[in-house]
Each structure stands twice: as structure tokens, then as C-alpha cells.
2 protein chains.
Amino acid sequence: MSAETGADAAETAGRTRRRGQALLDAIYTAAVEEAAAAGPGRLTMDAIAKRAATARSTLYRRWADPVDLLLDALAALHPVEQPAPGADDLRGDLVASLRLMADWAFSPAGRAVMAIVADPGRDPAAVEALFERVFARRGGTFTKTVLHHYAEHGRIDAARLTPVVLDIGEALVTKRMMDTGADPGDDYLAAIVDQAILPAVGLTPDTA
Amino acid sequence: MSAETGADAAETAGRTRRRGQALLDAIYTAAVEEAAAAGPGRLTMDAIAKRAATARSTLYRRWADPVDLLLDALAALHPVEQPAPGADDLRGDLVASLRLMADWAFSPAGRAVMAIVADPGRDPAAVEALFERVFARRGGTFTKTVLHHYAEHGRIDAARLTPVVLDIGEALVTKRMMDTGADPGDDYLAAIVDQAILPAVGLTPDTA
DNA sequence: ACTTTAAGATACACGACTGTAGCTAATCAA
DNA sequence: TTGATTAGCTACAGTCGTGTATCTTAAAGT
């Protein structure tokens, strides 16, 4: 008495029993997808468990509440790709870094993060934990990495790389996504670089 | 048989009966405050009714669900103050318009709107309705009003007032609020104007 | 092989919110 | 004053999520 007529047992769920990392990965993925789909405000242990095809008790053994779980998930998931400023192409590298950011922001993880930080009822401690655990290990923000690289090579004035300037690209991409709900196209990213970032660092698109 | 020993009846609630606009105002205020406190994801008819000191059935007579109610509330509430570009002070007017925006964004209505547009599980139709009903009647965004005013007076090149440039100020204020959770100080608003907006329209803080 | 661990599957009482219904009495318009 | 409207109250069944507590049996470790 084992297999028989049972349904096709979608991807071995139910008959085999996951443990350790495989189980964690499934739970983390489920948590982030659930957060991206419903928003952290509507995130429940129940929904995560269902999506991960596990039992609620399994979740309660490790985490006290859904947000706790979600923070672990965001920290554990594959880190965001890093911009790699390469050739002598400041403008191109900036556009590419914004492309990376937009792709990430549009992923389940990015949408979950955005919803967390925009949540009015957010727990300040949770946001702080999020920044520390998810972003701390990263060198910095997307355009920041690129801008600092070119500042070190003397292409732009390091004195102009203030916190405000380093935020321009990310801020505009974020706002665009909140306004339209869609991924900004490459044309828009290029416009951000040409019309906002480059002027702020004292360059024109031609001289970049 | 009327007053008797009843509790002090906080601000006549319970003994008098509100109708029409007075009741609507109370409900709208409660809805926005509730949304700002809990986030639209956690917004319930029950909580709104409790906060407005009315009965759920009163709400269900008019609205089908909490978001429906919230959209009406945001549309009905006092519109956002308009920036009034005045003297020949572009920089000062820009800072003032960002101050207006920050104050609004930090109000219950602003936080509710921010949470709605950042909600991953948001209903696109709701967001569209929000923009149409709440923002359409306004001339435009905060810095946009100011920038167009000075463009008409020849102070800045109208060709540079692209959608991206018109969004810079609002985007940076929004991001700052999401990052810190606090109202950006006037110093930061001035930095946004000096380091991001003015360079983008082709001016330096001195020439503004 | 045997033992230990813990995933998975129940079941349970509890609370919160839902949507509907019915009643009463306050408010308004005639 | 009279009648129509409807705010405010109460109750209800139903659903969903919560934590906790079992029990079984796979999947490790020895």
C-alpha cells in the first residue's frame, strides 16, 4: 500500500518529506511570494503554510509571526545582483544599474520590501532589521556603487555625491513604479540618467 | 426619560444622532485615520465603524467594502493645499512646495495614499480611481506647479520640464519618508532643491 | 539495525471580521 | 403634528486566522 491511484502527486509533495534547507527554501519562497501577492499586511501563517505545502505547526516551531518569517526569507534569498561598473561608460553603467534595480524591485522580493517600507502600520524595528539583514551586506545602493566607482577614477566630483544625489535614481524608479504599477521601460531609465542624475553630478549626457 | 445617569457621553456621541454631512465627515475621518494607522491591507469595516462610533450596518448601506469607502473618504476630504508661487524666488518656492508635500504625505491622508499605491495586492482599478478622483482636480504635483510658473516667466527653459524632472522632488521626498519613516527636515528639502531639482533645470543654487 | 529528530497531519477553542436582518427611535420634511 | 427616512443597536451564522496540542511516520544519525 503505497502509490496506487493517488493523484499525480504534484512534484512529489506529500509523499516525500522535506527537511533542512530544502524545506526552508520552500518556506522562504512561499513567504516572499505570499507577501508580494497579498502585501505584508495580509500575510498570514496559514497562507504561507498552504503555499509551501507544509503544516502551520512546522512554521510555528521556528517563527513567532509572519513578518518574522518574511524577514528571514528576504535575508536568506539570493542577494540582489550587484552593478559591475566596467568600461569607461558612466551613462551606460548608470542605466544598467537602474535596470538591475527595476528588475529586482519588480520581483516578489522587491515588491515585498516596498510594501514593508511603505506600510503605515509598519514596525520600525522590523524596518531596521530589514535594512540591516538584507541590505547591510550589500555594498550600497545601485547607482551609488556606480557613481562612487567613477568618482574614484576622477570622472566626477566626489563632493557632489551627497546622500540626495545618490538617491535620485532609486527614488525616481520607485516613484514611477508606484505611479504606474509597471516596470519602467529602458527609455524611462535612460531619461532618469540623462535628465536627473547626470545634471546633478555636473555632467551632460554628451560629456558622460 | 432622557439623560439620566448615563456616562458623560463623550462629545454627545450616543445621545444625539448624526445625519448627512456630519455623519459622513466622521466616517471619512475615521476611515482615513484607520487606514493610516493600520494600512489599507488591514482596513476593516469593523474598525472604521468603531472609530467613527457608528454601526457597521450604517457603513454597509453605502459602501460595499473598506477600500471603496476609503477612496470616497480621500476624495471628499479637504484637498491638498496648493503651492502658490509668488515673488521672484524660485528656490524658495520650490522648498515651500516640497514642505507642503511633506506635510501632506505625513498626514493620515497622505500615508493612506502612499500605502495604497505601494500595496502589491492593490487593485489597479482602485489606484486609477484614486488618481482620478483625488488628484485630477488638482492642477498638478507640487513642484510641477512651481516649475511651470517660472517657465512661463522665462526663468527656466520649458523644454527641460520633462516628466522625469517634474517628479524629482516628489520622488526624493517619498523615498526619504520610506527610508526613515519620518518627516524630512527643511534642510533635507533644501538639499533636494539645490542638489537635484535646480541642476536638472539647468540652474545652480546661486542663479536661482 | 536501532534511536532520535522533526515534518506532516490532524483537531481544538478562541477571537476577529463579515454580511445580513430586524428593531427603535431620532431627525427631517410636509 | 404626521409620516418618511435612516442612524444606531443587537444578534446571527459563517469564514478565516491563531496558537497549542497531539499523533504518525519519514528521514536523519549512531
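Letters A, B, ... are given to chains in the order of the sequence lines, protein chains preceding strands, and every chain is numbered from 1.
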Any donor-acceptor N/O pair, [X] side chain to [Y] backbone, under 3.5 Å:
X      : Y      : result
A/T143 : A/L94  : no
A/R160 : A/A200 : yes
A/Y150 : A/D89  : yes

Interatomic distance, [X] [atom1] vs [N] [atom2] [rounded to whole Å]:
X     : N      : atom1 : atom2 : answer
A/D46 : C/dG15 : CG    : C1'   : 15 Å
A/L43 : D/dT18 : CG    : C1'   : 14 Å
B/R17 : C/dA26 : CZ    : P     : 7 Å
A/K50 : D/dT18 : NZ    : C1'   : 12 Å
A/L69 : D/dG19 : CG    : P     : 13 Å
A/R42 : D/dT18 : CZ    : P     : 14 Å
B/R56 : D/dG8  : CZ    : P     : 15 Å
A/E34 : D/dG17 : CD    : C1'   : 13 Å

Hey, does the side chain of B/T54 come within less than 4.0 Å of D/dA7's phosphate (OP1/OP2), counting only N and O?
->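 No, B/T54 has no side-chain N/O under 4.0 Å of OP1/OP2 on D/dA7.
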If only side-chain N and O atoms of A/S57 are considered, is one of them under 4.0 Å from the OP1 or OP2 phosphate oxygen of D/dG19?
->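 The answer is no; no side-chain N or O of A/S57 sits under 4.0 Å from OP1 or OP2.
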With a 4.0 Å cut-off on heavy atoms, is B/T58 in touch with a base, just the backbone sugar-phosphate, or nothing at all?
->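 B/T58: base contact, heavy atoms under 4.0 Å.
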For B/R62, report the nucleic acid contact type (base, sugar-phosphate, nothing); a contact means any heavy atom under 4.0 Å.
->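 Answer is sugar-phosphate: B/R62 comes under 4.0 Å of backbone atoms only.
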In terms of the nearest nucleotide of DNA chain C, which residue is placed more toward the 5' end: B/R61 or B/D65?
->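 This one resolves to B/D65.
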Salt bridge flag under 4.0 Å for residues B/D119 and A/R42 |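 Judged by the 4.0 Å cut-off on N to carboxylate O distance, B/D119 and A/R42 do form a salt bridge.
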So, are A/K175 and B/E170 salt-bridged, with charged N and O less than 4.0 Å apart?
->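 The answer is no: the pair does not qualify as a salt bridge.
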Which nucleotide in the list D/dG8, D/dT18, C/dG8 gets nearest to the side chain of B/R18?
->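 Nearest to the side-chain atoms of B/R18, counting from C-beta on, is D/dG8.
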Between atom CD1 of A/I116 and atom CG of A/L71, what is the distance when rounded to the nearest 0.5 Å?
->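 The CD1 atom of A/I116 sits 5.5 Å away from the CG atom of A/L71.
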By a strict heavy-atom criterion of less than 4.0 Å, which residues belonging to residues 19-27 of chain A are in contact with DNA chain C?
->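 Here the set is A/R19, A/L23.
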With respect to B/R99, which candidate in B/D187, B/D93, B/D183 satisfies the salt bridge (Lys or Arg N to Asp or Glu O under 4.0 Å) definition?
->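 Option passing the salt bridge (Lys or Arg N to Asp or Glu O under 4.0 Å) with B/R99: B/D183.
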